[in-house]
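Here, residue 1 is the first one in the sequence, and each next residue gets the next number.
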Amino acid sequence: MDIFDYALKMEKDGEDFYREIAAKTNNKGLQKILTMLADEEVKHYQAIKGLKLNKYQMTQTTILDDAKNIFIEMKEQKQEFEPEEEQIKLYEKAQEIEKKSQQFYNEKAQQTELDEQKKLFVSLAKEEEKHYFLLENMIKFVSRPKLWLENAEWYHLEEY
């Protein structure tokens, strides 16, 4: 399997996993964020597929801003939320997957001599880092929702 096919499979698996987690989540705001993450994986898939066909195109993401708005909305609505250990474990698993994806893309960026490939792999690694960070905030939110929402001015969510 070449690196493109491997990366395509990795992104497709990520999309499927996020959609599966979203279906298991009762909170509408978190469902929306997880669906956005799945949609981001689709964008990554399309970018890799495009590069494989020599048509490099990576679209900019607004996922951190979009997620921030969802969390602010959840805070304003003062939604009550009970932490679910199973949910936290799923988010931690997703975080591990994002970390491995980031490492994979960083390695491939260092190994390739082709500018377009390097550019895409670096961009994908940065996107995976954003996803990891977002999942970290979701874990904090699910683990301690009342405290997190009280302090959630998103000053702790830096743009990458």
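- Distance CD/Glu98 to NZ/Lys100: 12.0 Å, rounded to 0.5 Å.
- Residue pairs that meet the salt bridge (charged side-chain N to carboxylate O under 4.0 Å, His left out) test with at least one member in residues 31-43, sequence neighbours left out, are Arg19-Asp39, Glu40-Lys43.
- With values rounded to the nearest 0.5 angstrom, Lys140 atom NZ is found 13.0 Å from Ile88 atom CD1.
- Ionic pairing of Lys9 and Asp5 is not present here: no N-O contact between side-chain nitrogen and carboxylate oxygen is shorter than 4.0 angstrom.
- In this structure, the separation between CG on Leu34 and CG on Leu134 is 8.5 Å, given to the nearest 0.5 Å.
- Residues that satisfy the salt bridge (charged side-chain N to carboxylate O under 4.0 Å, His left out) test with Glu11, not counting sequence neighbours, are absent from this structure.
- With sequence neighbours left out, the side chain to side chain donor-acceptor pair (under 3.5 Å) criterion links Thr62 to Asp66.
- Under the 4.5 Å side-chain heavy-atom criterion for grouping Ile, Leu, Val, Met, Phe, Trp and Tyr, Ile63 is connected to Ile33 within one hydrophobic cluster.
- Legend: residues meeting side chain to side chain donor-acceptor pair (under 3.5 Å) with Glu96, ordered by chain and number and at least two apart, are absent.
- With sequence neighbours excluded, the residues forming a side chain to side chain donor-acceptor pair (under 3.5 Å) with Glu127 are Lys130, listed by chain and number.
- Salt bridge absent: Lys126 and Glu129 never bring a charged side-chain N and a carboxylate O closer than 4.0 Å.
- A parallel orientation is assigned to the rings of Tyr105 and Phe121, their planes being inclined by less than 30° (bins at 30° and 60°).
- Here Phe104 contributes atom CZ and Glu128 contributes atom CD; the two are 10.5 Å apart, rounded to the nearest 0.5 Å.
- Taking OG of Ser123 as the start and CG of Leu51 as the end, the distance is 11.0 Å to the nearest 0.5 Å.
- Scanning for salt bridge (charged side-chain N to carboxylate O under 4.0 Å, His left out) contacts around Glu20 gives Lys24, with sequence neighbours left out.
- Between the OG1 atom of Thr112 and the NZ atom of Lys108 there is a distance of 10.0 Å, given to the nearest 0.5 Å.
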